[in-house]
Asks: 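Before anything else, here's the structure in question.
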Amino acid sequence: MRFSVLGAAILSAAFVRADVADKLEDASSSVSSAVSKPKFTPTTLKAPFLEQFTDDWESRWKPSHAKKENDKSTEEEWAYVGTWAVEEPSVLNGMEGDKGLVIKDKAAHHAISAKFPKAIDNKGKTLVVQYEVKLQNGLECGGAYMKLLQNNKALHAEEFSNASPYIIMFGPDKCGATNKVHFIFRHKNPKTGEYEEKHLKNPPMARIVKTTTLYTLIVKPDNSFEIKIDGESIRNGTLLEDFTPSVNPEKEIDDPKDKKPEDWVEEARIPDPDAKKPEDWDEDAPFEIVDEEATKPEDWLEDEPTVIPDPEAEKPEDWDDEEDGDWIAPTVPNPKCDEVSGCGKWESPMKKNPEYKGKWSAPMIENPAYKGVWKPRKVKNPDYFEDKTPAKFEPMGAIGFEIWTMQNDILFDNIYIGHSIEDAEKLKAETFDLKIVAEKAEEEATAPKAPETPKSPMDLKFMDDPVTYITEKFNLFITIAKRDPIQAIKFVPEVAGGIGALVITVLAILISVVAGGSAPSKEQVKDAAKKAKDATVDAKDKAAEAVTSGAEKVQAEGNKRSTRSTAS
């Protein structure tokens, strides 16, 4: 009975799996509505700039229609054609009614900005920059960072581009091996008036997840900074010590006019000029010589070639001797050589020459004329300055997202730019802390669960889980059969019989369909079932016979080995 059940079960396994998959998909779609979600309520907090993308967002944010300024390496022009929308997340939405600014196009340049009601000046104040990023389709290559733009009269939203001067750039960026959270600030040289970008030396990695991530930057008047991700402190340091190039240049530099004297000796060790090659030193002696003491092994087959024509090779049917020439079978290693020390002409092996010394060279000694490694003398740096308060950033007049990315549906939300760490924490508590709980609950509920299987396939029961039963039994049969087919039939006889029944059943059905051009009749199905049953019984008998004969072979082999052991 088990054989016929298995044959039918294998045939229907695919349908079982498909039905299970459909049910899982239906369950997944209902999880989102089942997870308890908070409802969005606009905050009452105040800040120099606080954006939650409420219905009046278009009065503040303006897409750019400028062309991206190119570097000198390319003449291509790129326009900011990427579109923007404000909408709720379509993936793991953790708060009802909470909308965000969304990048809508793949592989496109996007630019949008919003002017501050009043220029933000953090001199003598703490600067706090905080915003949410939601990578709904992941992030393989692209940015999700923001720019705080320099306040000036030329700040026109429709002309915002990569060339627009910014004061701070902050946020995640990933492409290939690059994965970091940028923190860059532009510093003005008080002597030349030129600006230079200062990059954080050791930026933290961005979190590439589909749940919301909260990025926070805090810069204090004492030049210290802190980067938080999801409220957790990730990186701390100072603007004076942790950025490259450094804010302040070196006080002294190498004198460009100083040149190394021609007689300066930098070689610390030299060959001993007084050393001489010994008279018995033979530079021509070879590294290896023939081992004259070696003898040919007794089992060496000198008349056997190392390779022979492949006895299993056959001339291709389309081989034309007149056009392709005489066919020659490919060669394979001579199997007789594997059983002995070697084949072919025997030659004495080589061994290391005990007289070998190689080319003579004088030993090294300390150089009496050595003066050390030359370095130019130091002089005062004419460009030196000292800025003790780089945290006094220039006034910032707008925020902008100027981004190229291969993924769309990147969402930004709950932007805080101000001077209160406490208010930023309160906004986090009102928004991120609430939605992330619902997002993770939905993510966990919809994650595919690994099936719980018994430790051993022998513990499985067909009625408990037909698909797992068939899969595990079949895999066990194949694994054992690779080493010992007899043992495979012995340990998993239901597979051996089931395969036979399945093959004949499928063939019977296919033949009837092909012959008649329509579904098989009841009589045809009964006939196919009878043949399958007969094949099952036959397979079961053969399995039993194979196991018996296999056991006898094992016993005979054991007796043979026992006899040999006693005789020796």
Side-chain angles (χ1 to χ4, degrees), residues 25 28-29 32 40 51-55 57-58 60-70 76-114 131-147 157-158 160-162 164 169-182 205-215 229-230 399-415 431-432 435-436 438-440 442-443 446-447:
E25 186 176 350
S28 174
S29 61
S32 180
F40 171 73
E51 181 61 77
Q52 293 188 298
F53 296 101
T54 48
D55 292 341
W57 71 276
E58 289 181 295
R60 297 179 294 277
W61 292 85
K62 303 296 180 184
S64 172
H65 301 292
K67 288 186 177 180
K68 185 171 183 178
E69 185 172 302
N70 302 309
E76 293 180 289
E77 290 189 351
W78 301 98
Y80 292 102
V81 296
T83 55
W84 300 83
V86 168
E87 59 191 25
E88 290 189 50
S90 57
V91 176
L92 301 177
N93 186 359
M95 182 175 283
E96 293 183 6
D98 186 20
K99 298 178 180 179
L101 180 66
V102 181
I103 288 176
K104 296 304 295 181
D105 301 305
K106 297 179 180 179
H109 295 267
H110 295 72
I112 193 169
S113 63
Y131 73 119
E132 295 174 0
V133 177
K134 189 174 181 64
L135 307 173
Q136 299 185 85
N137 291 325
L139 186 64
E140 295 176 5
C141 189
Y145 45 78
M146 67 159 62
K147 291 180 179 179
E158 62 274 9
F160 170 52
S161 72
N162 61 315
S164 301
M169 177 172 156
F170 173 63
D173 188 15
K174 183 182 184 301
C175 194
T178 299
N179 182 358
K180 58 186 171 182
V181 178
H182 287 293
M205 292 180 64
R207 292 188 180 171
I208 312 302
V209 293
K210 293 186 179 181
T211 53
T212 299
T213 301
L214 183 70
Y215 292 95
I229 301 180
D230 294 348
I399 177 177
F401 292 99
E402 187 270 317
I403 289 170
W404 178 89
T405 177
M406 288 298 295
Q407 279 68 49
N408 61 345
D409 287 343
I410 298 175
L411 182 147
F412 306 105
D413 198 7
N414 294 312
I415 304 171
T431 55
F432 175 79
K435 70 172 66 175
I436 195 64
E439 287 181 11
K440 289 186 175 180
E442 182 178 342
E443 183 180 46
T446 56

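Values below: all heavy atoms of this structure, side chains included; hydrogens, waters and symmetry mates excluded. Only a predicted model underlies this, so the values are computations on that prediction, with no experimental measurement involved.
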Asks: Please report the closest heavy-atom contact between Thr212 and Lys435, naming both atoms and the distance.
Replies: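 In this case the closest contact between Thr212 and Lys435 is OG1-CD, 3.8 Å.
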
Asks: Kindly give the heavy-atom pair with the smallest separation between Pro89 and Leu411, and that separation in Å.
Replies: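 That would be CG-CD1, 4.0 Å.
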
Asks: Is the His182 ring parallel, tilted or perpendicular to the Tyr145 ring (thresholds 30°, 60°)?
Replies: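 The rings of His182 and Tyr145 stand perpendicular, inter-plane angle above 60°.
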
Asks: Nearest 0.5 Å please: distance from the OG atom of Ser113 over to the NZ atom of Lys62.
Replies: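 One finds 10.0 Å between OG of Ser113 and NZ of Lys62.
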
Asks: Measuring from Phe412:CZ to Glu132:CD, what's the distance to the nearest 0.5 Å?
Replies: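 Atom-to-atom, Phe412:CZ and Glu132:CD are 12.0 Å apart.
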
Asks: Take atom CD of Glu140 as the centre, draw a 6.0 Å sphere, and report whether it contains more than 12 heavy atoms from other residues, nucleotides or ligands.
Replies: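 Count not over threshold, so no.
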
Asks: Taking Glu439 first and then Lys210, would you say they form a salt bridge - that is, a charged N and a carboxylate O separated by under 4.0 Å?
Replies: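 No salt bridge links Glu439 with Lys210.
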
Asks: To the nearest 0.5 Å, what is the distance between OH (Tyr131) and CE (Met146)?
Replies: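 Between Tyr131 OH and Met146 CE, I get 5.0 Å after rounding to 0.5 Å.
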
Asks: Side chains of Asn93 and Glu88: is there a donor and an acceptor less than 3.5 Å apart?
Replies: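 There is such a pair (donor and acceptor under 3.5 Å, judged by atom type) between the side chains of Asn93 and Glu88.
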
Asks: What are the two closest non-hydrogen atoms of Ser64 and Phe160, and how far apart are they?
Replies: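 For Ser64 versus Phe160, the nearest heavy atoms are OG-O, 2.5 Å.
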
Asks: Does some side-chain heavy atom of Thr405 sit less than 4.5 Å from a side-chain heavy atom of Ile410?
Replies: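 The answer is yes, as the side chains (C-beta and beyond) meet within the 4.5 Å cut-off.
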
Asks: Could you pull out the closest heavy-atom pair between Leu139 and Gly142, with the gap in Å?
Replies: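 Reported closest heavy-atom pair: CD2-O, 3.6 Å.
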
Asks: Using the rule given for side-chain contact (heavy atoms from CB on, under 4.5 Å), can you reason through Arg207 versus Tyr215, listing the C-alpha separation, both sets of side-chain angles and the distance that settles it, and then say yes or no?
Replies: CA-CA 10 Å; Arg207 292 188 180 171; Tyr215 292 95; 4.3 Å; yes

Asks: Would you indicate whether the side-chain heavy atoms of Lys174 and Asn179 approach each other to under 4.5 Å?
Replies: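 Yes, their side chains come closer than 4.5 Å.
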
Asks: Is there a side-chain contact (heavy atoms from CB on, under 4.5 Å) between Val181 and Ile229 once you walk through the steps?
Replies: CA-CA 10 Å; Val181 178; Ile229 301 180; 4.2 Å; yes

Asks: Say you draw a straight line from OG of Ser90 to CG of Asp409; how long is it, rounded to the nearest 0.5 Å?
Replies: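 Those atoms lie 5.0 Å apart.
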
Asks: Identify the heavy atoms of Val91 and Gln136 that sit nearest to each other, and give their distance.
Replies: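 Result for this residue pair: N-OE1, 3.1 Å.
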
Asks: Kindly compute the distance separating CD (Glu87) from CZ (Phe53), expressed to the nearest 0.5 Å.
Replies: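 Here the rounded value is 12.0 Å.
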
Asks: Quick one, Trp404 and His110 - any side-chain contact, counting heavy atoms below 4.5 Å?
Replies: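 SC-SC contact between Trp404 and His110 ruled out.
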
Asks: Working to the nearest 0.5 Å, report the span between CG of Asp173 and OG1 of Thr178.
Replies: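 The distance works out to 7.5 Å.
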
Asks: Can you tell which of Asp105, Thr83, Asn137 makes a side chain to side chain donor-acceptor pair (under 3.5 Å) with Asn408?
Replies: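 The passing option is Asn137.
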
Asks: Does some side-chain heavy atom of Thr431 sit less than 4.5 Å from a side-chain heavy atom of Asp98?
Replies: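 Asp98 vs Thr431: side chains apart.
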
Asks: Going by distance alone, is a donor N or O of one side chain under 3.5 Å from an acceptor N or O of the other, for Asn162 and Glu402?
Replies: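 Their side chains do not contain a donor-acceptor pair, so the 3.5 Å distance test is not met.
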
Asks: Is any side-chain heavy atom of Lys104 closer than 4.5 Å to one of Val102?
Replies: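 In short, these two side chains touch, coming nearer than 4.5 Å.
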
Asks: So, Glu51 versus Trp61: side-chain donor-acceptor pair below 3.5 Å or not?
Replies: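 Yes, because at least one side-chain N or O of Glu51 sits under 3.5 Å from a partner of the opposite role on Trp61.
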
Asks: Kindly indicate whether the side chain of Ile112, heavy atoms from C-beta on, has any atom under 4.5 Å from the side chain of Leu101.
Replies: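 Result yes, sub-4.5 Å side-chain heavy-atom pair found.
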
Asks: Quick one: do the Thr211 and Glu443 side chains pair a donor with an acceptor below 3.5 Å?
Replies: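 Their side chains do not contain a donor-acceptor pair, so the 3.5 Å distance test is not met.
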
Asks: Report yes if some heavy atom in the side chain of Leu135 is under 4.5 Å from a heavy atom in the side chain of Ile208; otherwise report no.
Replies: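 Yes. Closest side-chain heavy atoms under 4.5 Å.
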
Asks: If every non-hydrogen atom of Pro172 is compared with every non-hydrogen atom of Ala206, which pair is closest and at what distance?
Replies: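 Distance-wise, the nearest heavy atoms are CB-CB, 3.5 Å.
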
Asks: When you check the gap from the basic side-chain N to the acidic O, do Lys134 and Asp413 get nearer than 4.0 Å?
Replies: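 Salt bridge flag = no for Asp413 with Lys134.
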
Asks: Under a 4.5 Å cut-off applied to non-hydrogen side-chain atoms, are Phe432 and Asp230 in contact?
Replies: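 Yes - at least one pair of side-chain heavy atoms lies under 4.5 Å apart.
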
